[in-house]
Amino acid sequence: MATAASASPGALGAKTPARGPSARHPAPKQAPAFARPAPRRAPAPGRPRASLHLGGAGAGVASSSSAAANGSGLHVAPAIAPLALPKMAGAMGTHKNVLLFYCEEMRELAQQVVARNDDIELRSISWRTFADGFPNLFISNAHSIRGRHVAFLASFSSPSVIFEQLSIIYALPKLFISSFTLILPFFPTGTSERMEDEGDVATAFTLARILSNIPISRGGPSSLVIFDIHALQERFYFGDSVLPCFESGIPLLKSRLQELPDSHNITIAFPDDGAWKRFYKQLQHFPMVVCNKVREGEQRIVRIKEGDPRGRHVVIVDDLVQSGGTLIECQKVLAAHGAAKVSAYVTHGIFPNNSWEKFQADNGEGPEHGLSHFWLTDSCPLTVKAVKDRRPFEILSLAGPIASALQI
């Protein structure tokens with residue numbers, strides 16, 4: 001009689017030597033979970049052969065021939081090639097051919113953009129007016145742009161030119177184009193982004209709503225490229241019918257600073273906390289000075305809040321300049337605290353009423369006499385014409401960044 005101890009090795013799964021004939025003949029393998037169907041017997045003579053046909057038009061011909069080929073009567077589906085997926089523009093190794101239209105103010109910048117990329121082709125618009133002053137516009141060879149990627153380079157430099165450009169912006173996506181991109185380097189109402197008193201109108205929101213209603217093209221919602229919008233929260237003013245892409249001119253400044261003979265001695269200064277919040281992450285490897293405005297009686301005075309400019313080439317950075325009063329006060333404060341040189345950079349040089357004339361070059365006499373450099377981009381073409389070849393101004397072109405953005 002077997003005891004519990006003698007039975008336990010088998011119960012615990014211990015291996016025991018095989019005995020008898022089974023040791024020479026291994027046990028049959030376990031059947032797979034999905035057994036292979038047995039071959040079908042040939043149908044009796046005269047009995048029709050049934051088969052299952054899958055597919056659309058033309059499937060019957062293919063199925064009957066495949067059934068006859070395998071002789072089983074079971075339809076074998078032909079190999080189906082995978083669907084060809086469309087190439088994504090901007091993906092590795094792909095290029096997007098773009099037709100670039102432009103307003104007259106942006107002609108020079110548009111030509112520079114085309115010169116940067118052979119995949120961008122320049123197209124023009126006939127900008128005319130009727131006798132009553134309203135625009136009489138014409139898009140040449142409209143049929144030829146069907147199925148193409150199209151972009152428009154705009155400049156909303158004044159309210160008088162916005163309507164005619166909006167007319168083109170709203171018309172192009174409806175010409176059966178593959179995609180539409182609006183490049184608006186300067187968003188002009190960005191400084192009017194909030195209400196301080198009941199009755200104030202935030203025109204930044206108004207313009208964002210207008211641009212959010214650009215018609216969709218065959219490829220979907222239109223794209224919108226803006227450089228250094230004034231307030232970061234303005235990106236949320238745009239609706240879901242447009243895809244805003246927010247770029248910056250700061251990489252142009254960083255490249256230019258690397259070319260300076262004193263590039264190792266650069267300090268970045270911000271005229272207020274708003275400029276610091278907007279740009280400090282892009283410039284965090286530089287020493288920094290932060291200024292702010294304090295009220296003394298009826299005057300607002302610029303002071304240094306933190307940082308030390310002594311012996312440094314200090315570059316004041318902001319998104320835009322209008323009258324230039326704050327920049328000049330900041331220059332004076334930095335010079336008084338021992339800065340060796342003072343320069344400035346803004347992405348958008350607006351300068352209403354020729355206020356750029358306030359800025360003088362230091363001519364090597366020191367920062368209390370003027371600026372060593374004043375860098376601007378060409379986002380405001382009227383300013384570019386006014387300050388061209390005038391020291392201390394120097395233009396950093398957005399042509400390269402725009403050409404890159406059009407390949408997204």
Side-chain angles (χ1 to χ4, degrees), residues 102-109 133 153-166 183-197 200-208 210-211 226-231 234 237 248-249 252-253 270-272 274-275 278-279 291 293 298-302 316-332 342-361 370-371 373-398:
Y102 56 92
C103 68
E104 281 301 310
E105 288 181 14
M106 286 294 192
R107 176 188 293 272
E108 184 174 344
L109 178 55
L153 181 55
S155 173
F156 290 178
S157 58
S158 69
S160 62
V161 300
I162 293 179
F163 177 73
E164 62 181 12
Q165 293 182 59
L166 283 176
I183 306 106
L184 182 63
F186 173 50
F187 188 75
T189 58
T191 55
S192 180
E193 84 284 8
R194 61 183 181 269
M195 295 174 56
E196 295 182 353
D197 294 316
D200 285 343
V201 177
T203 53
F205 183 67
T206 305
L207 184 55
I210 292 173
L211 298 178
I226 297 175
F227 286 83
D228 290 322
I229 197 166
H230 179 67
E234 290 178 45
Y237 292 179
S248 178
L252 297 175
L253 171 65
F270 301 106
D272 51 40
R278 191 176 301 109
F279 295 123
C291 302
K293 294 179 181 179
E298 297 298 323
Q299 294 183 335
R300 298 191 69 182
I301 300 175
V302 176
I316 307 168
V317 175
D318 209 348
D319 64 314
L320 60 84
V321 59
Q322 296 217 34
S323 66
T326 300
L327 278 181
I328 290 175
E329 290 301 316
C330 195
Q331 168 203 336
K332 293 178 179 179
V342 177
S343 297
Y345 165 86
V346 296
T347 304
H348 312 297
I350 305 169
F351 295 121
N353 302 317
N354 295 326
S355 58
W356 55 267
E357 295 176 347
K358 299 178 182 178
F359 293 91
Q360 302 297 322
L371 297 173
H373 304 274
F374 197 149
W375 293 291
L376 315 167
T377 76
D378 42 6
S379 65
C380 300
L382 300 182
T383 296
V384 172
K385 293 180 180 179
V387 304
K388 188 176 181 179
D389 300 326
R390 293 177 181 266
R391 297 191 63 239
F393 297 101
E394 181 180 338
I395 305 302
L396 306 179
S397 180
L398 292 173

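Here the side chains of L398 and I183 are not in contact, with every heavy-atom distance at 4.5 Å or above. Looking only at side-chain heavy atoms (C-beta outward), M106 and P185 come within less than 4.5 Å of each other. Within the 4.5 Å cutoff, the side chain of L166 has heavy atoms near those of the L211 side chain. Side-chain contact check for F279 versus L253: every heavy-atom pair is 4.5 Å or farther apart. Between T383 and W356, every side-chain heavy-atom pair lies at or beyond the 4.5 Å cut-off. Looking only at side-chain heavy atoms (C-beta outward), P188 and L207 come within less than 4.5 Å of each other. Residues Y237 and E193 are in side-chain contact: their nearest non-hydrogen atoms beyond the backbone lie under 4.5 Å apart. Annotation: side chain of K358 is in contact with side chain of S323 (closest heavy-atom distance under 4.5 Å).
The closest donor-acceptor contact from the side chain of Q322 to the backbone of I350 lies at 3.5 Å or more, if one exists at all. Put simply, the side chain of S379 gets close to the backbone of T347: a donor and an acceptor are under 3.5 Å apart. Without hydrogens or angle criteria, H348 side chain to F227 main chain gives a donor-acceptor distance under 3.5 Å.
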Give every donor-acceptor pair under 3.5 Å between a side-chain atom in residues 386-393 and any protein atom, sequence neighbours left out.
from, atom 1, to, atom 2, distance (Å)
R390, NE, A386, O, 3.2
R391, NH1, N363, OD1, 2.9

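Taking the six-membered ring for Trp and thresholds of 30 and 60 degrees, F374 and F359 have ring planes more than 60 degrees apart, a perpendicular arrangement.
Considering CG of L252 and CG of L376, their distance stands at 12.0 Å, rounded to 0.5 Å. The CG atom of L109 lies 11.0 Å from the CD1 atom of I395; values are rounded to the nearest 0.5 Å. Interatomic distance, CG of L396 versus CH2 of W375, reported as 8.0 Å (0.5 Å rounding). Summarising the geometry, atom CG belonging to L320 is positioned 6.0 Å from atom CG belonging to D318; distances are rounded to the nearest 0.5 Å. Note that the CG atom of D272 and the NZ atom of K293 stand 7.0 Å from one another [nearest 0.5 Å]. The SG atom of C380 lies 9.5 Å from the CD atom of E105; values are rounded to the nearest 0.5 Å.
Closest approach of V317 and P271 over heavy atoms only: O-CD, 3.3 Å. Heavy-atom minimum distance, V302 versus C330: CG1-CA, 4.1 Å.
Salt bridge status for D200 with R194: absent, with no side-chain N to carboxylate O gap under 4.0 Å.
In this structure, a donor-acceptor pair under 3.5 Å is present between the side chains of S248 and D228.
Evaluation of the side-chain hydrogen bond (donor to acceptor under 3.5 Å, both in side chains) rule for D378 yields S397 as partners, not counting sequence neighbours. By the ring-ring contact (aromatic ring centres under 6.0 Å, His included) test, H230 is found to be paired with no residue, residues two or more places apart in sequence or in another chain being considered.
Remark: E394 CD is packed, more than 12 non-hydrogen atoms of other residues, nucleotides or ligands lying under 6.0 Å away. Annotation: K385, atom NZ; neighbour count of heavy atoms from other residues, nucleotides and ligands within 6.0 Å does not exceed 12.
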